Amino acid sequence: MRQLTTYTMPDSTGRYGSFGGRFVPELLMPAVIELEKAYEEAIQDPAFIQELDELLKQYVGRETPLYYAEGLSKKFGGPDIYLKREDLNHTGAHKINNTIGQALLTKRMGKKKVVAETGAGQHGVATATVCALMDLECVVFMGEEDIRRQKLNVFRMELLGAEVRSVSQGSGTLKDAVNEALRYWVSHVNDTHYIIGSVVGPHPFPKMVRDFQSVIGEETKRQALEQSGKLPDAVVACVGGGSNAMGMFYPFIQEESVRLYGVEAGGAGVETGQHAATLSSGNIGVLHGALSHLLQDSDGQIQEAFSISAGLDYPGVGPEHSHLKDNGRVTYQSITDEEALKAFQLLSKTEGIIPALESAHAVAYAGKLAAKMNKDESLVICLSGRGDKDVEQVKDRLEGN
Amino acid sequence: MGKERINQAFREKQQAGENLFVPYIMAGDGGLEQLEERISFLQECGAAAIELGIPFSDPVADGPTIQEAGIRSRENGTTLAGVLKRLQKFSETRTIPVILMTYFNPILNYGPEKFAADCRDAGVDGVIIPDLPMEEETILAQPLTQREIAFIRLAAMTSTPDRLKKLAKASEGFLYAVSVTGTTGARTTHDDEVKAYLQTLKENSPVPVLAGFGVSTAEQARELSSHSDGVIVGSRIVDLLHRGETETVKALIKDSLQAKVGS
């Protein structure tokens, strides 16, 4: 894992400026401290890094292409558009970059069991996959509403040997699945590791997940230099919890010429209150162990998020994104369900690539941004996942159901 | 008021030869207008103090019983501000210590300074926040300490000896010894490991040590009290009050107060 020179977040207490930290019950504190120690040791160990690199290459299928999207570039009529093809990873999204790293760490800590949460099921499938590979027991918590919407992913996880547990508490979605995974972890902390799915949670999770995902930005940087002899002028990624975006942005943070854009889910429109635009319209609070922006009411109760995309449907966001918003290094914008649906169809028709609905948000915003950019500039979209999981939902929506 | 009221109330109970018994109730479960009556009832039953839960949308340290009570309470419109106002209304007449338990986000949203000041005005004697470990506590511990309100720390069976010592030394009012590896909710047994853990805490703690999480019967309460100073009973009390079984609550507390038979 490459250390940057002038950007040194987080500090030793797990803070990104004023964000982050570890707001967890005392029961979990020894586990998160142990995890931090194990992680810091592991990334200094060449044998660990070699094993990780080997798996990323031979099992995940990295590196993924940085694909010049000629058709989309023409359509947008501005800069050269490149797609970082995380959709081509094994299991169809960037999620596995993180789960494979954390599963290796689980083994290194001598733990045999893994718990995870999942929203749409992408992280659950990526976790179940690496647990099958590394012979780890796997329990995945998933909201009952999501289980209903994503039956096939439930079956996939079960096929891979994981036990899927339904969460009926709260709204029965991702936030509640995280709560249940945390409760399970509290009760089984001695032999179980929690593979959290995004750059959220108590320190060291946001750092560790960012580091495992930063392979996305590292490759993009190298590929951009190889293919066009320069770094891109703009980089766009979608943000739910924010792991694909953090992995993409992190290696570019010190490259001041590169403008970075995070795209949140605007749902039915930020003004309607039915959205997941945490950074654009939330305020500061503590959820799932970290201080960051979140959607809450005037009494400090966490509110439900809304988005057509289950992967962005989360009322919190990674603390490092809050910091990068605060210091102005990254610009955060939102895209509505309707705009994302249009981009979903546009990319399918112009490039023959069906994007995940999450990634379609980034595509939609890239279109707006491209309109304001010059022809000699270039723009990279992080295409975080493929859209096979979403076609049924999109079909229903387009048919007016 | 404050820390001193807890110290005094606990001293009196202990001098009378009783185990300390702290029932947990969810504010607003059954309606906030019942709060004063419930507190008085529990005081008459022999409680040493009341742990008063404020509902939160995402209570990660709580099991199903208290989660459901929190949902019922929120459906009744209970808020942190509303509970503080209600407590203030009868703060002059109340004599039993009240200890608030909630998660950190509602307090952060309310403002830690304002929270501490309003707690003082409402006669709140202590505060328990399960998701605020010692690494993050300064933001709240300071305003509370300034106003002599006890900031009660939680110890866990997974805590290292070094952490246990620090927590025991820092805690005010009493030390909350989480006596299961898990969330709140009824359990049937507490093993030898728990007893050794409580004994270590007793040896290191200048304030009373109360065992909590998973305590549901008078037998368990007496057993755990023989290795500590008393117990906190949450889910079982919440469940009994919800079902209107006040006589069972009375018996549970009464039977928990006396030292373990034969010891």
Side-chain angles (χ1 to χ4, degrees), chain A residues 12-15 18 20-34 36 167-171 175-192 201-203 283-292 294-304 315-316, chain B residues 54-64 67-68 70-71 74 77-83 102-111 115 129-137 139 153-164 166-167 176-178 180-185 187 213-214:
Chain A
S12 61
T13 66
R15 293 279 175 158
S18 54
R22 31 189 162 204
F23 295 83
V24 290
E26 174 64 18
L27 247 164
L28 288 181
M29 279 306 294
V32 297
I33 291 168
E34 178 203 359
E36 182 186 10
V167 177
S168 58
Q169 284 92 339
S171 50
K175 165 180 90 78
D176 309 289
V178 176
N179 289 340
E180 274 307 287
L182 279 168
R183 290 185 186 112
Y184 181 91
W185 197 32
V186 163
S187 304
H188 300 82
V189 65
N190 293 325
D191 63 356
T192 303
H203 178 66
N283 46 32
I284 292 165
V286 168
L287 177 65
H288 299 145
L291 183 79
S292 71
L294 44 94
L295 303 178
Q296 58 184 319
D297 68 14
S298 58
D299 185 41
Q301 308 289 340
I302 311 305
Q303 289 174 314
E304 272 182 62
Chain B
I54 311 285
F56 177 53
S57 53
D58 297 79
V60 290
D62 285 307
Q67 285 177 43
E68 280 156 26
I71 292 167
R74 288 184 59 212
T78 312
T79 62
L80 173 56
V83 173
T102 190
Y103 291 80
F104 186 52
N105 194 58
I107 293 175
L108 183 65
N109 184 271
Y110 195 89
F115 171 74
I129 311 293
D131 61 345
L132 201 61
M134 61 170 119
E135 282 80 357
E136 307 288 351
E137 70 177 32
I139 182 171
R153 271 71 166 189
L154 296 106
M157 290 181 65
T158 51
S159 311
T160 56
D162 182 45
R163 292 181 73 85
L164 286 182
K166 279 187 193 158
L167 289 163
Y176 195 133
V178 176
V180 295
T181 306
T183 53
T184 59
R187 306 285 201 287
F213 284 37

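Just so we're on the same page: letters track the sequence lines, and every chain starts at 1. All figures in this text were calculated on a predicted structure; none of them were measured in a lab.
- The contact between B:T78 and chain A is made entirely by backbone atoms, counting heavy-atom distances below 4.5 Å.
- Among all heavy-atom pairs drawn from A:P25 and B:A61, the shortest one is CG-CB, 4.4 Å.
- With a 4.5 angstrom heavy-atom cutoff, B:R153 does not touch chain A via any of its atoms.
- Residues B:P59 and A:R183 meet the side-chain proximity criterion, which asks for heavy atoms closer than 4.5 Å.
- When all heavy atoms are compared, the tightest approach of B:G182 to A:S187 is CA-OG, 3.3 Å.
- Among A:L182, A:I302, A:N283, the residue with the largest count of heavy-atom pairs under 4.5 Å with chain B is A:I302.
- The OG1 atom of B:T160 sits 12.0 Å away from atom CD of A:E34, with the distance rounded to the nearest 0.5 Å.
- Across all their heavy atoms, B:L108 and A:I284 have their closest contact at CD2-O, 4.5 Å.
- Summarising the geometry of A:G285 relative to B:N105, their closest heavy-atom pair is CA-OD1, 3.1 Å, with the distance given to 0.1 Å.
- The shortest distance between side-chain heavy atoms of A:V189 and B:T181 falls below 4.5 Å.
- Neither the backbone nor the side chain of B:Y110 comes within contact range of chain A, judged by heavy atoms closer than 4.5 Å.
- B:V178 places none of its side-chain heavy atoms less than 4.5 Å from the side chain of A:E26.
- Among A:G289, A:S298, A:A31, A:P202, the residue with the largest count of heavy-atom pairs under 4.5 Å with chain B is A:S298.
- In this structure, NE2 in A:H203 is found 10.5 Å from CD in B:E136, a value given to the nearest 0.5 Å.
- Rounding to the nearest 0.5 Å gives a distance of 6.5 Å between CZ of B:F56 and CG of A:L287.
- In this structure, chain A has no heavy atom under 4.5 Å from any part of B:I107.
- Between A:L27 and B:T158, the shortest heavy-atom distance links the atoms O-OG1, 2.8 Å.
- Interface summary for chain A: among B:N109, B:T183, B:L80, the most heavy-atom pairs under 4.5 angstrom belong to B:N109.
- There is no contact between A:Q303 and chain B, counting heavy-atom distances below 4.5 Å.
- Here the side chains of A:I33 and B:E135 are in contact, with some heavy-atom distance below 4.5 Å.
- In plain terms, the two heavy atoms of B:P133 and A:F23 that are nearest each other are CD-CA, 4.1 Å.
- For A:N179 (side chain) and B:V60 (main-chain N/O), no donor-acceptor pair under 3.5 Å exists by modelled atom type.
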